[in-house]
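Proteins come first, then strands; the chains are lettered A, B, ... in the order of their sequence lines, and each starts at number 1. The figures here come from the full heavy-atom set of this structure, side chains too, leaving out hydrogens, waters and symmetry mates.
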Amino acid sequence: MLWLYLHFPQLQLDLLHRQSPSPSGQAVIIVEKKLNRIVQANALAKKQGIELGMGLASAVALHKQLKLFQYRAQIENQHLQQLAQTLYQSNGGIVIEEPDGLLLEASSMLLYHQGLDNYWRTVLAQLKGLKVHYSTAYSPTAAKILARSGTDQISDNKKLIHSRLKQLDINSLPLPQKKLEQLHRLGIRTLGKLLRLPLKELAKRFDIALLKLIGQINNELKTPLDYFQPKEYFRRYLPLFYEIDNAQQLFKPLPKLLSQLENFLRRHNAVAEIIELVLQQREQEDLQLEIRSSQGQERAEAWLELCRLRFENLQLQAPVESIEIICRQYQQQGRNHRDLFSQRQQRGEQRLLIDHLQARLGTDSILRLSSNDSHIPEQASELLTAELTTPKPALSPAALRPIFLHQQPRPLSQELILFHGPERIQSQWWQREIQRDYYIARDPQGRWCWIFKDQKQRWFLQGYFS
Amino acid sequence: MDTTSSQQPLGQLIQQGLVWHGLRQTQPQGLLSSGHKILDQALAGGLPEQGLMLIHSDVGIGELRFLQGYLQRRCQQGLLVFIDPPIELCHEGLSSLGLATENCLLIKPKQGKDSLWAMEQCLQSGACDLVLWWENSQLMCHNKNGQRAQQAKLQIAQAKRLKLAAARGQAMALIFRSRQASQQNLPASLSINLNAKARGLELSITKRSHGWPINKLFIDLQTQWPQLCVPKRPNNITPLASQQRSLG
């Protein structure tokens, strides 16, 4: 079986460059905090003489204006997941080799892609903007070792691959330093020399780990592989090159993330109803926003518009360091068809309108009226948030009811003339005891009021017949 | 040939009713019967189907009931939006007006400035038939809620925007204002003043897009709303002095 290994030597750095295309004139380095070692540096930094593996102090001594980032394996791991997700389109077997490698099973894909060259072109197209070392080999371990030593060779020629393997420096083997030194002392400088030695002799001098490695390189022993399974939900994490403290600017990096969401949804032929935005704030708790679209939406533009409305009255407590978009729930598209008949289409527009209003004013500001089974006037109507559920239509009232109704009746303060009534409304025995006699009355200004007298003979104003 | 083509835009403007002739009263397009014969006659057909209508009135004198026929005819499939009503709406009351309450949407923005934004959105969306907004709803119902003291007040530019939005979405904006509200010259299609009368309403039209103002028209609500009218006294009964005073 032919394997392709992709090694990303500076994934975190590439990600930073990718989202802000030209931090020009800025030397950027990424430092591993624990070891105090530079693990990634951009071209400009390298030009200043900064080398990987250097300490931070010597790097600063070489060049003062360095932009410094802390190495985070989490960022790289997350991006590997994303890469695997995109590569899954053209690849069956993918193994994630954390924190910076991907192993692809190539041989079963060759027929589909009509040849190794085409296959490699497809893979490469999905790795835009990332620095990558790659190699093919007939065992996973061999491909890994070749790629990590910077071979950059795509071939299915067994002899060629084997000759490459033979030329490999012994130092590029994933072995502890002590053992490498031991091999050196024996005069074994290349992998070819090591492979030529009889296994029996090696077993006498070295432990089982080296034998296992040799077996895996020769494909005589199996390498345990944990194949990638595509995630059932969408999650993208975007670290920001600069911290953002203005909600309006926050809007700028969003289109990229949302278009990825659109791709994800398109692939699943689905629409999302809720997306979560997590804004990581400096030294503050994460800000979590929920953005809804009652209709279900997959288009990035529509989500962008909803996000814009949501951001309009957003107050940031601290600068934002990163943005994450999560979409857990999505539904199959085609659940509600749009058709030519006018009413249906209008329903769609209505939902769109409600989404817009909800995004800016908040869900609790947009209400629908629904009826409730109660005779008590203030309990007879109920306000629901405007979700998809259709509210219950009103029962045809037995008697005239006002259009405006005070939820809490007001004590009556002025003189009125009664015209119709009384209409007695009484609660059931299991409820709070209410017994009211309602009258229709007119006040001196000519307003038609709905008033009542309770058990204690007090008068209240309940509503107006507008 | 040249003259006809240069005249064409003017002809179009006249046809669309955008040029007003003082002498020749053409019947403008897009009118809906108000449900009151006398008003329809005075307005040469009825109330406009889309645009901006201002109603200066107190709450509770019948300002919605007199529009019953119009509201029913206007609301077909789209939403009926209430923004900032002065008092909570009663479900049964609305359905007794003959309105489909499942198409009603109630918007209560937390900030006054959002009311106009919401209204514009609703009007231009094409999803709403009618949008009702109460300007200064706090004042109208004597609400002591102080935190929203900064109520939106309609300016000329805003009214213009609403009118354009209504034209875009083919919707009607109804704005209820207190009678004390300044009668500044807002670009409304129709501006109505309402006064309470014992058996109906006294209606004056202070501004009209296709005609002269109309003064003091009596709208009889007795047949539609017999319970909400002061009954006629038989001739042989003389009311008490106090009652006579308050009945005006």
Using atom types as modelled and distance alone, determine if a side-chain donor or acceptor of [X] lies under 3.5 Å from a backbone N or O of [Y].
| X | Y | result |
| --- | --- | --- |
| A:R447 | B:D58 | no |
| A:R368 | B:E102 | yes |
| B:K108 | A:I366 | no |

| Region of B:I83 in contact with chain A, defined by heavy-atom distances below 4.5 Å |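 Answer is neither: B:I83 stays 4.5 Å or more from chain A.
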Side-chain heavy atoms of [X] within contact of [Y], under 4.5 Å:
| X | Y | result |
| --- | --- | --- |
| A:L357 | B:C122 | yes |
| B:P231 | A:F419 | yes |
| B:C90 | A:F404 | no |
| A:L405 | B:I87 | no |

More than 12 foreign heavy atoms under 6.0 Å from [atom1] of [X]: is that the case here?
| X | atom1 | answer |
| --- | --- | --- |
| A:Q414 | CD | yes |
| B:Q170 | CD | no |
| B:R73 | CZ | yes |

| request: Could you check which of B:R65, B:K197, B:Q121 has the highest count of heavy-atom pairs closer than 4.5 Å to chain A? | output: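 When all of B:R65, B:K197, B:Q121 are compared, B:R65 has the most.
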Heavy-atom closest pair, residues [X] and [Y]:
| X | Y | value |
| --- | --- | --- |
| A:Q445 | B:A196 | O-CB, 3.7 Å |
| B:A198 | A:W448 | O-CZ2, 4.2 Å |
| B:I61 | A:G446 | CG2-O, 3.6 Å |
| B:K110 | A:D364 | NZ-OD1, 2.9 Å |
| B:G60 | A:S466 | N-OG, 3.4 Å |
| B:G93 | A:I403 | O-CG1, 4.0 Å |

| Partner of A:L367 by side chain to side chain contact (heavy atoms under 4.5 Å, CB included), out of B:L89, B:L106, B:I107 |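 By the side chain to side chain contact (heavy atoms under 4.5 Å, CB included) criterion, A:L367 pairs with just one of B:L89, B:L106, B:I107: B:L106.
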| request: Report the distance from atom CD of A:Q350 to atom SG of B:C128, rounding to the nearest 0.5 Å. | output: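 Answer for the CD-SG pair, A:Q350 versus B:C128, is 7.0 Å.
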| field | Reported CD1-to-CH2 distance for the pair A:I440 and B:W225, which is rounded to 0.5 angstrom | value |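 It is 10.5 Å, given to the nearest 0.5 Å.
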| message | For A:L361, which atoms come within 4.5 Å of any heavy atom of chain B: side chain, backbone, both, or neither? | response |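 Backbone plus side chain of A:L361, per the 4.5 Å heavy-atom cut-off to chain B.
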